[in-house]
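Below is one structure; the comments refer to it alone.
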Amino acid sequence: MTFMDVLVGIGILLIVFVGVYGALRASLLMVALSKSSSGALALANQQLEMLRSLPYSDVGTLAGIPAGTIAQNATTTLNGVEYN
């Protein structure tokens with residue numbers, strides 16, 4: 001009877017620890033996603049402020065309509081994440 005009690009106890013502890021591990025893993029993934037999202041927002045705000053500082057005649061893309069000095073595509077790395 002004692003052996004069965006130990007097995008049941010180990011099974012219950014295993015279920016609890018697997019649940020805690022799953023919650024911890026999900027929270028770490030959410031933190032990483034939130035960090036990437038806030039980094040993208042910061043980069044977008046930085047680009048908009050740069051565009052607002054340009055003279056009106058320079059606002060436009062290279063080989064675009066209207067023509068200007070802004071590249072059509074840009075790649076930036078922030079905190080190890082590459083944004084395009």
field: Side chain to side chain, Thr75 and Tyr83, heavy atoms closer than 4.5 Å
entry: no

Please list every donor-acceptor pair under 3.5 Å in which a side-chain atom of residues 22-29 meets a protein atom from a residue at least two apart or in another chain.
from  : atom 1 : to    : atom 2 : distance (Å)
Ser27 : OG     : Ala23 : O      : 3.4
Ser27 : OG     : Leu24 : O      : 2.7

Ser36 side-chain N/O to Ala32 backbone N/O, donor-acceptor pair under 3.5 Å: yes

query: When clusters are formed from ILVMFWY side-chain contacts under 4.5 Å, directly or step by step, what else is grouped with Leu41?
result: none

message: Measuring from atom CG of Asn73 to atom OG1 of Thr61, what distance do you get when rounded to the nearest 0.5 angstrom?
response: 10.0 Å

- request: Verify the cluster assignment for Val20 and Ile15: are they in a single hydrophobic cluster under the rule of side-chain heavy atoms below 4.5 Å apart?
  value: no

field: Point-to-point distance, once rounded to the nearest 0.5 Å, from OG1 of Thr76 to CG of Asn84
entry: 8.5 Å

message: Using a 6.0 Å cut-off, check whether atom CG of Leu13 has over 12 heavy atoms from anything other than its own residue.
response: yes

message: Rounded at 0.5 Å granularity, tell me how far CG in Leu43 sits from CG in Asn79.
response: 9.0 Å

message: So for atom CE, which belongs to Met4, do other residues, nucleotides or ligands contribute more than 12 heavy atoms lying within a distance under 6.0 Å?
response: no

Side chain Ser38, main chain Ser34, donor-acceptor under 3.5 Å: yes

- prompt: Are Val16 and Ile10 grouped together when hydrophobic residues (ILVMFWY) are joined by side-chain heavy atoms under 4.5 angstrom apart?
  reply: no

Verdict with reasoning, Leu54 to Ile70, per side chain to side chain contact (heavy atoms under 4.5 Å, CB included): CA-CA 10 Å; Leu54 290 175; Ile70 303 166; 3.9 Å; yes

